Peer 1: 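I have a structure I would like to understand better, so I am pasting it below and will then ask my questions one at a time.
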Amino acid sequence: MAKVVVITSGKGGVGKTTSTAAIGAALAQAGQKVVVVDFDVGLRNLDLVMGSERRVVFDFVNVIHGEASLPQALIKDKRLENLFILAASQTRDKDALTEEGVQKVINELKEKFDWIICDSPAGIERGAKMAMHFADEAIIITNPEVSSVRDSDRIIGILDSTTQKALQGDKIPKHLLITRYAADRAARGDMLNTDDILDILSIPLIGIIPESEEVLKASNLGSPITLCCPHSNVAKAYNEAVQRLQGEKLDIIVPSDKKGFISWLLGRSRS
Amino acid sequence: MAKPSKNQLQIRILGRSFLALVLSPEAPLEAWLKSLDKQIQRSASFFLGKPIILNLERVSETEEGLSDLYNELMTRNIQIISIENISTVCNAIQTWPKLGIFSNGKTVDPIHILDKTKPKPPTAPYHIIEEPVRSGQSIFFPEGDVIITNSVSSGSEIVAGGSIHVYGALRGRAIAGINGQPKARIFAYQLEAELMAIDGYYMTAEEIPENLILKPAQVYLDQNVMTVAPLMKMKS
């Protein structure tokens, strides 16, 4: 049974697209058949992060308008044969996403894939609402700062009230993915800590992605972080999040400041 | 003025008013009587002990069953005290007993027969919310109290006609007693509201006494001044 997962946050720049690429790739690496769909019509980025920007011929909006068939628009990843991307149109705006059109494409994708990962645009307007409308599950991306947490709270409220399942009286499972978590700053109290975020958002945590330069490097290379740096902390954290998404029970370890720990050890042995 | 003689008894007259119900039979009478029976079935005591005036303006003289209508109504325990608009149907109702004609009647609004078999459930003047109230959500319940067994996020708003109870953290806005209820209160398990109001008197987050922030607390109006008090005895 295919699962439609929306990656959303409300606020921009928190790592939705990076996470979509990483989660999509991690699922594909685990042997699942995956498509990542860019809903950010007019400001598409997922193709860049996935490194397929030069192969976009037809896009999501072309399929909705019947100008291209779905197999024509689906771009196969060069590295993973069971990973596909459906790019957004850069020349249209969000009004091109009609509910009937999106539903038609999602239904068609459901027949071909195990996972449909929808990369939501920022904001709470049409693009974001369409990205979440047909979702079976949601991953809410939050940075450890108050503005991001409040926007995520708002998005959760919208998820609970406007999605197709919500309108039918159901609730979709929601997972919290904290990104750009810097252990040293959290320890100093410069950042919201995990407990504060969970207290406010009160949805289950699916993972904590540490802040890392490798993320930016991977984006610039056009390669999902789980593919380009599979042994990094970030890739590990995404892989674990994906295992939890698939229903595995894994303890979440809050990333700690490694240097701090080593110096603490050193300091202890000296005394 | 002539004085009444001592041995003449004085007549005492008192007033008493009843609400007379006006029944207007419609053609065909047979069907009308059937509907009447159904009505009586649903609310058996509706016509009991009530004076009924029969208004015949909607039936014609030739209407089938008109001469028997009076008896039909009597068998249903409907007490007719008067008839209105009889001029056009005089001949048809010759067999009816002579009834009084009253003057100065005033029409009152149509009366709806209450359905007594299905009593209206008492409306609960409270609204319980078990989910977190998220940023951007607005709960508007002017009818009474709002009870939230969860947290109220920053950027959300609770508006209640009565009191507001939050059994979690209150981080959003709480507006209580909007319909002029100065006795309404705001209760929070963890008080950190952005803004609170009772009956139009406001208090911002900055005005909450520091020792009560993040604590179980209640807010009420004391001589039109927003007052925060601990909800439980706090450990010193």
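As the structure is a prediction and not an experimental result, all values here were calculated from the model. Numbers restart at 1 for each chain; the letters A, B, ... are given by sequence-line order, proteins then strands.
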Peer 1: Heavy-atom count around Arg76(B) CZ within 6.0 Å, excluding the residue itself: above 12?
Peer 2: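 Counting other residues, nucleotides and ligands, CZ of Arg76(B) exceeds 12 neighbours.
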Peer 1: Rounded at 0.5 Å granularity, tell me how far CD1 in Ile158(A) sits from CZ in Arg134(B).
Peer 2: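 These two atoms lie 11.5 Å from each other.
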Peer 1: Please determine whether a side-chain nitrogen of the Lys or Arg among Glu131(B) and Lys174(A) lies less than 4.0 Å from a carboxylate oxygen of the Asp or Glu.
Peer 2: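 Looking at Lys174(A) together with Glu131(B), the answer is no, because their closest N to O distance does not fall below 4.0 Å.
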Peer 1: Compare every heavy atom of Arg150(A) with every heavy atom of Gly155(B), then report the nearest pair and how far apart it is.
Peer 2: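 Nearest heavy atoms, Gly155(B) then Arg150(A): N-NH2, 4.3 Å.
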Peer 1: Would you be so kind as to tabulate the donor-acceptor pairs closer than 3.5 Å made by side chains of residues 164-173 of chain B, with sequence neighbours excluded?
Peer 2:
{"from": "Arg171(B)", "atom 1": "NE", "to": "Glu192(B)", "atom 2": "OE2", "distance (Å)": "3.2"}
{"from": "Arg171(B)", "atom 1": "NH2", "to": "Asp199(A)", "atom 2": "OD2", "distance (Å)": "2.6"}

Peer 1: In terms of heavy-atom pairs under 4.5 Å, which option from Ile156(A), Ile124(A), Ile155(A), Val146(A) contacts chain B the most?
Peer 2: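 When all of Ile156(A), Ile124(A), Ile155(A), Val146(A) are compared, Ile156(A) has the most.
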Peer 1: Just wondering, are more than 12 heavy atoms of other shown residues or ligands nearer than 6.0 Å to NZ in Lys104(A)?
Peer 2: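 Enclosed: over 12 neighbouring heavy atoms sit under 6.0 Å from NZ of Lys104(A).
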Peer 1: So, does Asp153(A) use its side chain to make a donor-acceptor pair with the main chain of Ser135(B) at under 3.5 Å?
Peer 2: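 At least one qualifying donor-acceptor pair exists.
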Peer 1: Around atom CD1 of Ile253(A), are there more than 12 heavy atoms of other residues, nucleotides or ligands at under 6.0 Å?
Peer 2: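 Counting other residues, nucleotides and ligands, CD1 of Ile253(A) stays at 12 neighbours or fewer.
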Peer 1: Count the heavy atoms belonging to other residues, nucleotides or ligands that lie under 6.0 Å from OH of Tyr189(B), then report whether that count exceeds 12.
Peer 2: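 No.
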Peer 1: How long is the straight-line distance from CZ of Arg154(A) back to OG of Ser156(B), given to the nearest 0.5 Å?
Peer 2: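 These two atoms lie 10.5 Å from each other.
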Peer 1: Distance check, rounded to the nearest 0.5 Å: Ile200(A) atom CD1 versus Ser153(B) atom OG?
Peer 2: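 If I round to the nearest 0.5 Å, the distance is 7.0 Å.
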Peer 1: Counting only heavy atoms not in Gln168(A), do more than 12 fall under 6.0 Å of its CD?
Peer 2: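 Atom CD in Gln168(A) is packed in, count exceeds 12.
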